[in-house]
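Everything on this sheet refers to the single structure shown next.
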Amino acid sequence: CETPYEKFLRQHHNNPKSSVGKQYCDVMMKRRGLDKPACKEVNTFIHGTKNNIIAVCTASGGKDYGNRLRVALRPFTVTTCRLKGGSTRPPCKYSDNKSSRYIVIACNRNGKPVHFDESI
Ligand code: UDP
Ligand code: UDP
C-alpha cells in the first residue's frame, strides 16, 4: 500500500512539469486521483527534484516554521490548482496558477515530506 511519503509525491510532486496541454490542472488532478471521491478544492504540484524537496526537511534546505512545519530556504516553481465553481462533483474543472514560492511542509521522523501545508 501507499506510504504517507508516497502519497505526498503522488499529490504534490511533478518534475519536470508534465506537458499535458493547456488544462494542466484538469488533467493532472484526474491523473493523480485527486478527483475522487470528490474534486479536491486546492492542490499544489511542486516542480522540483525529490532531493531538493526532501532537503526542506533538513537544515540545508529548510527551517522550522512552527506547528511542526518546515519552510523552504529557497523558492520552488509550483503550480497551484484551484477548483472552479461551487460544486465538488466530478468532472473537476480547475484554474492553474504557476509561480515561484517557498513551500511549507511537514516531514516524518525519517526526514521525508508527508504533508503540504501552504506556499508563501
Ligand atoms: N493544499 C495544497 N496547496 C495549498 C493549500 C492546500 O496542496 O496551497 C492541499 C494540501 O494537500 C492540504 C489540503 O489542501 O493538506 C487541505 O488544505 P487546508 O487544510 O488548508 O484546507 P481545509 O482542510 O481547511 O479545507
Ligand atoms: N500531517 C501533518 N500535519 C498536518 C496535517 C497532516 O503532519 O498539519 C500529516 C498526517 O500525519 C498525514 C500526512 O501529513 O499522515 C498526509 O496528510 P494528507 O494525506 O492529508 O496529505 P496533505 O493533503 O496534507 O498533503
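Just so you know, ligand 1 is whichever comes first in the structure, and atom 1 is the first atom listed for that ligand.
- The residue among Arg82, His115, Glu118 with a heavy atom at the shortest distance from atom 15 (O) of ligand 1 is His115.
- In terms of polar-atom proximity, Gln11 is not counted as a contact of ligand 1, lacking any N or O under 3.5 Å from an N or O of the ligand.
- With sequence neighbours excluded, the residues forming a side chain to side chain contact (heavy atoms under 4.5 Å, CB included) with Val27 are Val20, Arg31, listed by chain and number.
- The proximity of Lys40 to ligand 1, defined as any non-hydrogen pair under 4.0 Å, is limited to the side chain.
- Residue His12 places a heavy atom under 4.0 Å from ligand 1.
- Among residues two or more places apart in sequence or in another chain, the side chain to side chain donor-acceptor pair (under 3.5 Å) test is passed with Ser119 by none.
- We find that Glu41 and Arg82 are not joined by a salt bridge, their nearest charged nitrogen and carboxylate oxygen being 4.0 Å or further apart.
- Salt bridge status for Asp35 with Lys40: absent, with no side-chain N to carboxylate O gap under 4.0 Å.
- Polar contact check, Thr80 against ligand 1: no nitrogen or oxygen pair lies under 3.5 Å apart.
- Comparing Asn43, Thr44, Asp117 by heavy-atom distance to atom 6 (C) of ligand 1, the nearest is Asp117.
- Around atom NZ of Lys30, no more than 12 heavy atoms belonging to other residues, nucleotides or ligands sit under 6.0 Å away.
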